[in-house]
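Read the structure below first, then the notes.
The structure presented is a predicted model; accordingly, all values stated were derived computationally and were not measured. Atom set for the values below is all heavy atoms of this structure, side chains included, hydrogens, waters and symmetry mates excluded.
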Amino acid sequence: MSSILKTEQSTSSQGFRKTGGQAISQTPLHPRRRSRRIMVGPVPVGGGAPISVQSMTNTVTADINATLQQIAELAAAGCDIVRVAVPSQDDADALPIIAKKSPIPVIADIHFQSKYVFQAIDAGCAAVRVNPGNIRKFDQVGPDICKAATDAGISLRIGVNAGSLDKDIYARYGGPTPEALVASALKEAHMFEDVGFHDFKISVKHHDPVTTVQTYRLLASKGDWPLHLGVTEAGPSWQGTIKSCLAFGALLAEGIGDTIRVSLSAPPVEEVKVGCKILEYLGLRQRHFDIISCPSCGRAQVDVIELAKEVTEGLKDITAPIRVAVMGCIVNGPGEAREADLGVASGNGKGQIIIKGKVVQTVPEDQIVPTLLERAKEIAAQMDAKAAVQGETLPEVGPMVVPVTGRAS
């Protein structure tokens, strides 16, 4: 029995939320790179499967209640796979309960101590992330890790990081260059494959988005491994979001990447929100609520910035794919509002409420926000009802895909 099949069977009774119903996900921009498929619990990664969003808890893993609470928040935000840090024995001891009670598959993040890898496997984690650059005597323990993973029917991730490259490789290439990162990944991939283990994905993370793109492009040309995309140590929210959008946008638009983690110096839920939106805007995940709004300019006759903020906050829990336009002047306002499901063109102390291109109501400026929110919720409810009748009810979380025909590319 293959390890993938065993993984599917072993997790089927755990009640994990399943990901998108389609087997294949495709971007409108470029065929997906052909990669082999592995499983992280019930979540398929690679082989054209829907691109999953990952994050990592920032709680002390040994604090089981706090960790499970944060995992629940991540799952509610759309996270498909969660990673937990295992730097101590107390953390390793907490894994059996966390793995059992988590609503989404748990990956144990292991550095330095190989004994925790085996404990994580025994604990029922869906996968283990190992960093060959800092696991002691990895060349010796690697085959035993592969055997334990095979016996348990779980997958692994080779996590190569610019900050923890093997010293010999660092010296040979003169630093964490794309070639150095790929050389490290290939070394460990070949070691796994030499002992017959193939259920692994690879990440090659760097803090610079250009280097990240170059590295993943190079690695993608070397084999069919599923690839986990990430820009490591990307920085605070605004900076890290820009870096991740640049790198992920370039790679995913070329069909490279099978699962993603946005790394931010911010609450983990913010990582998930950014990751989901990246996939939505690339056509790789079902679009949910989206707002179109003017930039600030001298033509605006209302405070568009505040108006957009209030509407976004008021509709943050909407999951239906409704597009709302908040426009502040008569130049582009009416036209843009017509292209949305719902919109407002504002000026002269009032706002025209537009639904599907038709003006349905004119309200005073102080009534624009409450009127938009009321109308938006009505339209969203209609969308949800229609989808339910057609048997297409959208899940609260989990990747939805753009259906395509044929095999993954």
Side-chain angles (χ1 to χ4, degrees), residues 11 14-17 19 40-43 45 51-113 116-117 119-131 134 154-159 161 163-164 201 203 205 228-237 240-241 244 259-279 396-399:
T11 59
Q14 294 190 27
F16 284 126
R17 167 179 45 76
T19 52
V40 180
V43 177
V45 175
I51 295 171
S52 49
V53 174
Q54 302 193 25
S55 186
M56 186 172 182
T57 57
N58 61 9
T59 57
V60 174
T61 303
D63 187 341
I64 294 173
N65 290 336
T67 300
L68 286 173
Q69 174 62 35
Q70 191 169 82
I71 291 174
E73 293 167 359
L74 291 168
C79 188
D80 304 298
I81 300 168
V82 65
R83 186 155 44 106
V84 299
V86 189
S88 74
Q89 186 62 56
D90 287 343
D91 298 317
D93 291 341
L95 290 176
I97 296 176
I98 291 171
K100 182 179 181 179
K101 293 188 175 182
S102 172
I104 53 179
V106 172
I107 297 178
D109 185 79
I110 311 293
H111 298 268
F112 306 114
Q113 293 281 358
Y116 297 149
V117 176
Q119 282 191 252
I121 293 172
D122 291 340
C125 290
V128 179
R129 182 270 177 116
V130 294
N131 188 338
N134 62 29
I154 73 167
S155 59
L156 301 174
R157 169 158 75 98
I158 297 173
N161 192 297
S164 55
K201 61 183 181 290
S203 65
K205 295 187 176 184
H228 169 114
L229 301 187
V231 180
T232 191
E233 296 137 8
S237 256
T241 295
S244 296
T259 184
I260 65 172
R261 189 257 173 123
V262 176
S263 297
L264 302 176
S265 300
V269 165
E270 297 305 311
E271 298 183 348
V272 174
K273 291 178 181 178
V274 174
C276 289
K277 282 301 179 184
I278 290 173
L279 296 183
E396 292 184 3
V397 285

Would you say that K201 contacts V40 through its side chain, given a criterion of any heavy-atom pair below 4.5 Å between the two side chains? yes
Among residues at least two apart in sequence or on other chains, which ones pass side-chain hydrogen bond (donor to acceptor under 3.5 Å, both in side chains) with D90? none
Could you tell me the separation between the CG atom of D109 and the OG1 atom of T61, rounded to the nearest 0.5 Å? 9.0 Å
Under 3.5 Å, which donor-acceptor pairs do the side chains of residues 260-269 form with other protein atoms, sequence neighbours left out?
| from | atom 1 | to | atom 2 | distance (Å) |
| --- | --- | --- | --- | --- |
| R261 | NE | E271 | OE1 | 3.0 |
| R261 | NH2 | E271 | OE1 | 3.2 |
| R261 | NH2 | E271 | OE2 | 3.1 |

Is the closest side-chain donor-acceptor distance between T67 and T59 under 3.5 Å? yes
Compare every heavy atom of S55 with every heavy atom of V272, then report the nearest pair and how far apart it is. CG2-CB, 3.7 Å
Min side-chain heavy-atom separation E233-N161 under 4.5 Å: yes
Table please: side-chain donor-acceptor pairs of residues 91-99 below 3.5 Å, with sequence neighbours left out.
| from | atom 1 | to | atom 2 | distance (Å) |
| --- | --- | --- | --- | --- |
| D91 | OD1 | A62 | N | 2.9 |
| D91 | OD2 | S88 | N | 3.3 |
| D91 | OD2 | S88 | OG | 2.8 |
| D93 | OD1 | Q89 | NE2 | 2.9 |

From S244 atom OG to I278 atom CD1, the distance as rounded to the nearest 0.5 Å: 6.0 Å
Might you point out which heavy atoms bring S52 and V43 nearest each other, and give the distance in Å? CB-CG1, 4.1 Å
Q70 side chain vs N58 backbone, donor-acceptor pair below 3.5 Å: yes
For A75 against I104, the heavy-atom pair lying closest together: CB-CG2, 4.0 Å
